[in-house]
Each structure stands twice: as structure tokens, then as C-alpha cells.
Amino acid sequence: MKAMINVALPKGRLGEDVYDIFEKAGFECPSIKETNRKLIFENKETGVRYFCVKPSDVAIYVERGAADIGVAGKDILLEYTPDVYELLDLGIGKCRMCVAGKKDFRDDMEKTLTVATKFVNITKNYYASQSREIDIIKLNGSIELAPILNLSDVIVDIVETGTTLKENNLMPFETIVPISARLISNKASYKFKNKEITELVKQVALCCNKENE
Ligand code: PRP
């Protein structure tokens, strides 16, 4: 008998795009499109059970085995380094992790740079690789306010369209890393449900290649 695959989907627009790919790949679960507050959807025929979770929590569910697989942004994987397998780049949810600041900002290498961010580890690793001394200010959202209010010199944050920076008179200075959505797997699940997961990855890969053409 085929084992059910438990899939952690990120809530929101990215999750909808991910589900569309899974649906095309043959893992449909029509009840997910009904607008209600349900969080778990399953289709015994296609062998999938979807959980809708906060995007930043997907990796936790997968790492701990509450979900066999999931879709998480590369930003989350780099920041929290969960012990999971990264199986596939879905080529959606594309954006980049950038250093940004006020247009007239000039870096004084003699001074410690203050950096506001949600992504403390990505920021630390990036500036360590540049041997630049920094003071990190951890924020949880609206990071763009920090340089405007002189809370920090620069920010490290996600830039997708660039609109948020532009509308706040900020600009990107450097790209640290490009980001996209990745299909991840729990390590034990990958071993014990290998046939099911491998087949799903194969079908999903075919569908996301088509999307990206
Ligand atoms: C993200 C990010 C930027 C914005 C970038 O914020 O932190 O603020 O999107 O997108 P853009 O380049 O297309 O304008 P999010 O909406 O996740 O909210 P946040 O302020 O809570 O981080």
C-alpha cells in the first residue's frame, strides 16, 4: 500500500502557487481551495495530506517529522539551517537578500556598521566573510524604517520588486544571495517513504520546469 505523504505548505500567495504546481503534478486535493479556516486537507486517492503553516514554520514541521516534506524559502533555510534534505528548487517565490540603506549613505570603514534585520545569522555570516565589524539590531518586520529613523546604518532584508525600498527613498547596495522556494524533506521520511517522495519530486520537477519555461 502507498504511504500518505504529509506536506507542509506555506500559507499565503506562495502556498497557492506551490499548491497549483502540486495539483498539476497529480497531487490534487480540491478541498484546499474552499475558503474556510481549516488547516489540514487530505486526498486518500492521490496520497497527500496538506498542512497550511506560517511560511517561516515549514522547516520546523519538516525537521521534526510532523510533515514529511514541505516548501520553504531559501532565506529560512540559510537563516535556521534545519537538518533536512533540500530536494528541489521550485523556481518560484524569487527574490534576493540585500543590503540596503539611504541613498546618501557612505560606509565609514573605521566605524562599526549598525545593521537592522530579521535575518541575524545570514547577516553575521555575510559580514564575517567580509571581515567587517557590525552591530546587529534584530527587528521582526518593517525593517525599512530602521535607516530612515537612524536606528541603523543599513538593513539586510528581502527585496522582491524593490517597491518598498523605492517608496521609502532607500536603495539596494549589494545582493547577498538570490532566494527562491525549495522543496525540503524530513531525513527519516526520505528513507522510509522513499518511493512515494521520489515519485512526487519527479512529477513536481516536471511541472515546475514547464512553469519556468
Ligand atoms: C518583505 C520584505 C520587504 C518587502 C520587499 O516584507 O521584508 O519589506 O517584502 O518586497 P518588495 O521589494 O516587493 O517591495 P513583508 O511583506 O514580508 O513584511 P515585513 O515588513 O513583515 O517583513
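Numbering of ligands and ligand atoms starts at 1, following listing order.
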Asks: I'd like the residue list for ligand 1, meaning every protein residue with a non-hydrogen atom under 4.0 Å from the ligand.
Replies: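 K118, G141, S142, E144, D157, I158, V159, E160, T161, G162, T163, T164.
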
Asks: Would you say the side-chain atoms of D89 and S180 include a donor-acceptor pair closer than 3.5 Å?
Replies: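 Their side chains do contain a donor-acceptor pair, which is all the 3.5 Å distance test asks for.
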
Asks: Would a 4.5 Å heavy-atom cut-off, applied to side chains only, mark V48 and F22 as touching?
Replies: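 V48 vs F22: side chains apart.
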
Asks: L151 versus L139: any side-chain heavy-atom pair under 4.5 Å?
Replies: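 A side-chain contact exists here, since the closest heavy-atom pair is under 4.5 Å.
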
Asks: Under the ring-ring contact (aromatic ring centres under 6.0 Å, His included) rule, what do Y190 and Y85 come out as? Steps first, then yes or no, please.
Replies: CA-CA 8 Å; Y190 192 72; Y85 293 129; 5.4 Å; yes

Asks: Give a yes or no on whether a salt bridge exists between E196 and K193, defined as a side-chain N under 4.0 angstrom from a carboxylate O.
Replies: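 Not counted as a salt bridge, because no side-chain N and carboxylate O are separated by less than 4.0 Å.
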
Asks: For I184, what are the other residues in its hydrophobic cluster, where any two members join if their side-chain heavy atoms are less than 4.5 angstrom apart?
Replies: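 Taking Ile, Leu, Val, Met, Phe, Trp and Tyr as members, I184 shares its hydrophobic cluster with I40, F51, V53, V58, Y61, V62, L77, V84.
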
